[in-house]
Amino acid sequence: MENETFENALLKLETIIKELESGEIDLDKSIDKYKEATELLNLCDNKLKNATETVNKVLNDSGEFVDLKIE
């Protein structure tokens with residue numbers, strides 16, 4: 001699941017949420033879907049955190065990443 005893209009993970013998460021909200025799946029399957037949704041949510045959260053860290057850095061003149069300082 002780690003190789004999953006953010007967009008695909010988000011789509012899967014949305015599908016699971018719709019399935020759970022429909023009330024049409026049994027309890028055991030609902031629990032499995034909930035576990036999968038939790039894993040996907042954590043994956044998306046980690047990818048967003050990594051993207052935020054990357055965006056918050058800028059290249060200095062030597063081509064190295066440095067923390068962005070806003071004054």
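This structure is a prediction, so every number in the text was calculated from the model and none was measured.
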Requested in this report: List the atom of K33, the atom of I25, and the distance in Å for their closest heavy-atom pair.
Outcome: CG-CD1, 4.0 Å
Report summary line: For F6 and L48, the nearest pair of non-hydrogen atoms, with its separation, is CE1-CG, 3.7 Å
Quick check for you: to the nearest 0.5 Å, what is the distance between [X] atom [atom1] and [Y] atom [atom2]?
X: C44; Y: E39; atom1: SG; atom2: CD; value: 12.0 Å
X: D45; Y: L40; atom1: CG; atom2: CG; value: 12.5 Å
X: T38; Y: L43; atom1: OG1; atom2: CG; value: 12.5 Å

Query - side chain to side chain donor-acceptor pair (under 3.5 Å) involving N8 - partner list, sequence neighbours excluded - result: T5
Report task. Please check if the side chain of K47 supplies one atom and the backbone of E4 the other of a donor-acceptor pair under 3.5 Å. Result -> yes
Query - Joint cluster assignment, L11 & L41, ILVMFWY side-chain distance < 4.5 Å - result: no
Query raised in the report: Considering residues at least two apart in sequence or located in another chain, which fulfil the side chain to side chain contact (heavy atoms under 4.5 Å, CB included) criterion with D26?
Result: D28, K29
Query raised in the report: Under a 4.5 Å cut-off applied to non-hydrogen side-chain atoms, are I17 and L13 in contact?
Result: yes
